[in-house]
Amino acid sequence: MTDDTTLTARERLRIHIRETRHTSDSLIVEAQLEAALDAWNDLPPTPLQECPVCGKVVLPERILQHQYNRL
């Protein structure tokens, strides 16, 4: 699996939902997780923002990581 520090929160959430769906023994739980994945797929993309530290246009999560790494 990919190192969690390189994934966005949305990517981690999708991975956890998919993994849980594949390991569930309950058809009801699988159906609910499938619906959750469908809802996740319908979400609009996260808007990019300019980092005030370096000026790059990136995901907001990356800006927070960048700012914390500079402390």
Side-chain angles (χ1 to χ4, degrees):
M1 182 178 275
T2 307
D3 180 12
D4 274 353
T5 60
T6 62
L7 299 174
T8 66
R10 289 172 66 124
E11 291 168 331
R12 287 192 310 273
L13 174 62
R14 187 169 191 275
I15 288 170
H16 289 300
I17 291 172
R18 289 183 67 217
E19 291 297 318
T20 304
R21 189 189 76 192
H22 291 303
T23 58
S24 174
D25 292 334
S26 168
L27 294 177
I28 295 171
V29 171
E30 285 183 39
Q32 289 293 327
L33 291 169
E34 185 67 33
L37 280 173
D38 289 344
W40 185 91
N41 288 328
D42 291 341
L43 290 173
T46 303
L48 300 177
Q49 297 177 350
E50 184 176 342
C51 177
V53 176
C54 68
K56 290 183 180 179
V57 177
V58 296
L59 292 169
E61 296 171 4
R62 300 293 189 236
I63 294 172
L64 290 175
Q65 288 174 349
H66 191 187
Q67 290 172 344
Y68 288 131
N69 289 338
R70 292 181 56 97
L71 296 178

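Only heavy atoms go into these numbers, but all of them, side chains included; no hydrogens, no water, no symmetry mates. Everything numeric in this text was worked out from a predicted model, so none of it was measured. Index from 1, following the sequence.
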Could you give the distance from CD (E11) to CH2 (W40), rounded to the nearest 0.5 Å?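 If we round to the nearest 0.5 Å, E11:CD and W40:CH2 are 7.0 Å apart.
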
Spacing of Q32 atom CD and R21 atom CZ [to the nearest 0.5 Å]: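 The CZ atom of R21 is 13.0 Å from CD of Q32, to the nearest 0.5 Å.
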
Locate the shortest heavy-atom distance separating [X] from [Y]; write the atom from each residue and the value.
X: V58; Y: I63; result: CG2-CG1, 3.5 Å
X: P47; Y: P60; result: O-CD, 3.4 Å
X: R10; Y: P44; result: NH1-O, 3.0 Å

Transitively linked via ILVMFWY side-chain contacts under 4.5 Å: L43 with L37?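 Yes.
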
For residues R14 and N41, determine if any side-chain heavy atom of one lies less than 4.5 Å from a side-chain heavy atom of the other.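 Yes. Closest side-chain heavy atoms under 4.5 Å.
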
Within the structure provided, determine whether E34 and E30 are in side-chain contact (heavy-atom separation under 4.5 Å).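 E34 vs E30: side chains apart.
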
Can you tell which of I15, L13, T20 makes a side chain to side chain contact (heavy atoms under 4.5 Å, CB included) with I17?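 Exactly one option meets the side chain to side chain contact (heavy atoms under 4.5 Å, CB included) with I17, and it is L13.
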
